[in-house]
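Quick notes on the structure that follows.
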Amino acid sequence: MVSINGANIELVRRGKGRPILFLHPHIGLHGSEALIARLAEHAEVLVPSHPGYGHSELPKGMSTVDDMSYLYLDLLEQLELRDVVIVGASFGGWLAAEIATKTTGRISRLVMIGAVGVKLGPRDRSDIVDIFATPRSRWEELSFHDASFWYRDYEALSEDELTVIARNREATALFAWNPYMYNPKLKARLHRIRVPALFLWGDADRFAPAEYGKAYCAAIPGARFELVSEAGHFPHIEQAERVARRIVEEIK
């Protein structure tokens, strides 16, 4: 645990070298282990559990992703990190964008993996699948090229693991339910991101389709968009080796 302005935040640090801050998706850290291990062979990887997720505390008064972004800016300052590569997956990509629109003083580049966080389509229709209104089996089908990557035997999980799953879902409801998975103000701020940004998107993503990702990418000056084959919304899980290799190529 690391204390940031009085809040105890769960933080894993692995490897040595240039710092990579990995911001996990709304599903938590389950499934991200292989990517983290590969990145740690080439860099120092910092992996926090977001406030309210995992075993991290939820600071009093924190209720938006915008709020959360300031905590991570404080984390970078407290740990005296510079030249940081932020890798954000899905909800974590939203958080990465919020951070970078405020300041990139300690940040060298972004890698946005299936990022959410902005409203791009018609007002009366969600850009992405509503996880709160979609049965779990259907959500898995839409989110993964191969849903077996997400399979869990819930009856075999420990009390602690089940508690983490419940906390992750509760925190997602707090931060991303209304409005659903976006900040109405973020789109107009994306021009402030003045570091290189790479969008990696699963070619089989039916949770947040590639058209959404391309439009998101186009709103950030100079950002690039690449598809990852045989992957859904979480290519860092389904294609961990290839995604890690692509990130390492970016930071060399």
Side-chain angles (χ1 to χ4, degrees), residues 4-5 7 9 11 19-29 32 46-54 56-79 81-82 84-120 126-128 131 168 171-201 208 212-213 215-223 225 233 236:
I4 307 171
N5 288 335
I9 302 299
L11 178 68
I20 295 176
L21 177 65
F22 176 70
L23 302 176
H24 66 72
H26 51 281
I27 58 175
L29 283 168
S32 300
L46 298 94
V47 187
S49 290
H50 305 321
Y53 288 78
S56 292
E57 291 181 353
L58 178 63
K60 186 177 180 180
M62 181 178 288
S63 60
T64 67
V65 179
D66 186 52
D67 293 337
M68 195 188 298
S69 67
Y70 286 100
L71 180 139
Y72 281 112
L73 288 171
D74 288 342
L75 173 67
L76 297 182
E77 183 175 338
Q78 182 172 313
L79 298 180
L81 297 174
R82 296 189 180 278
V84 179
V85 177
I86 299 184
V87 178
S90 190
F91 177 88
W94 174 5
L95 181 52
E98 295 276 11
I99 294 168
T101 57
K102 292 170 177 56
T103 177
T104 54
R106 295 177 179 271
I107 301 165
S108 61
R109 64 182 59 237
L110 303 178
V111 179
M112 309 280 274
I113 305 174
V116 298
V118 295
K119 185 76 178 79
L120 298 166
S126 178
D127 293 334
I128 60 179
I131 61 173
N168 292 349
T172 299
L174 171 66
F175 290 111
W177 190 347
N178 187 23
Y180 179 66
M181 288 288 181
Y182 73 94
N183 174 0
K185 297 181 179 181
L186 179 58
K187 181 181 176 182
R189 298 172 179 171
L190 293 177
H191 70 279
R192 290 179 48 80
I193 297 177
R194 300 185 179 95
V195 294
L198 172 66
F199 280 70
L200 297 178
W201 220 268
Y212 174 84
Y216 199 160
C217 178
I220 299 176
F225 183 91
H233 187 59
H236 72 290

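- Pairs of residues two or more places apart, or lying in two chains, that qualify as ring-ring contact (aromatic ring centres under 6.0 Å, His included) and include a residue from residues 87-106 are H50-F91, Y53-F91, F91-W94.
- Atom CD in Q78 sits 12.5 Å away from atom CG in L73 (nearest 0.5 Å).
- In this structure, the separation between OG on S90 and CE on M112 is 10.5 Å, given to the nearest 0.5 Å.
- In this structure, S69 and L95 have side chains that are in contact, with non-hydrogen atoms separated by less than 4.5 Å.
- Taking all atoms of both residues into account, the shortest heavy-atom contact from F22 to L29 is CE2-CD2, 4.1 Å.
- Taking CD1 from I9 and CD1 from I4, the interatomic distance works out to 5.5 Å, rounded to the nearest 0.5 Å.
- Shown here are the side-chain hydrogen bond (donor to acceptor under 3.5 Å, both in side chains) partners of S32, two or more places apart in sequence or in another chain: H236.
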Could you please spell out the steps behind the side chain to side chain contact (heavy atoms under 4.5 Å, CB included) verdict for D127 and V116? CA-CA 9 Å; D127 293 334; V116 298; over 6 Å; no

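- Side-chain atoms of N168 come within 3.5 Å of backbone atoms of G54 as a donor-acceptor pair (strictly under, hydrogens ignored).
- P196 is not listed as a side-chain neighbour of L110, based on a closest heavy-atom distance of 4.5 Å or more.
- With a 4.5 Å cut-off on side-chain heavy atoms, L75 and Y70 do not count as touching.
- Side chain of R106 to backbone of L81: a donor-acceptor contact under 3.5 angstrom is found.
- F225 is not listed as a side-chain neighbour of L200, based on a closest heavy-atom distance of 4.5 Å or more.
- The two residues A223 and F199 come nearest to each other via the heavy atoms CB-CE1, 4.1 Å.
- I86 pairs with exactly one of V195, I20, T104, L23 by the side chain to side chain contact (heavy atoms under 4.5 Å, CB included) rule, that one being L23.
- Between L76 and L21 there is a side-chain heavy-atom pair separated by less than 4.5 Å.
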Just distance, no hydrogens or angles: give the donor-acceptor pairs under 3.5 Å from side chains in residues 180-193, sequence neighbours left out.
from, atom 1, to, atom 2, distance (Å)
Y180, OH, V129, O, 2.6
Y180, OH, I131, N, 2.9
N183, OD1, K185, N, 2.9
N183, ND2, E98, OE2, 2.9
H191, ND1, A188, O, 3.0
R192, NE, T101, O, 2.6
R192, NH2, T101, O, 3.3
R192, NH2, K102, O, 3.4

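- V85 has its side chain out of reach of P19: every pair of non-hydrogen atoms, C-beta onward, lies at least 4.5 Å apart.
- Contact of the I107 side chain with the I99 side chain is registered, since non-hydrogen atoms from C-beta on lie closer than 4.5 Å.
- Using a 4.5 Å cut-off on side-chain heavy atoms (C-beta onward), L46 and L11 make contact.
- Expressed to the nearest 0.5 Å, how far NE2 of H233 lies from NE2 of H26 amounts to 5.5 Å.
- A perpendicular orientation is assigned to the rings of Y212 and Y216, their planes being inclined by more than 60° (bins at 30° and 60°).
- Panel note: side chain S126, backbone I128; a donor-acceptor pair is recorded below 3.5 Å.
- In this structure, H24 NE2 and I113 CD1 are separated by 13.5 Å, a value rounded to the nearest 0.5 Å.
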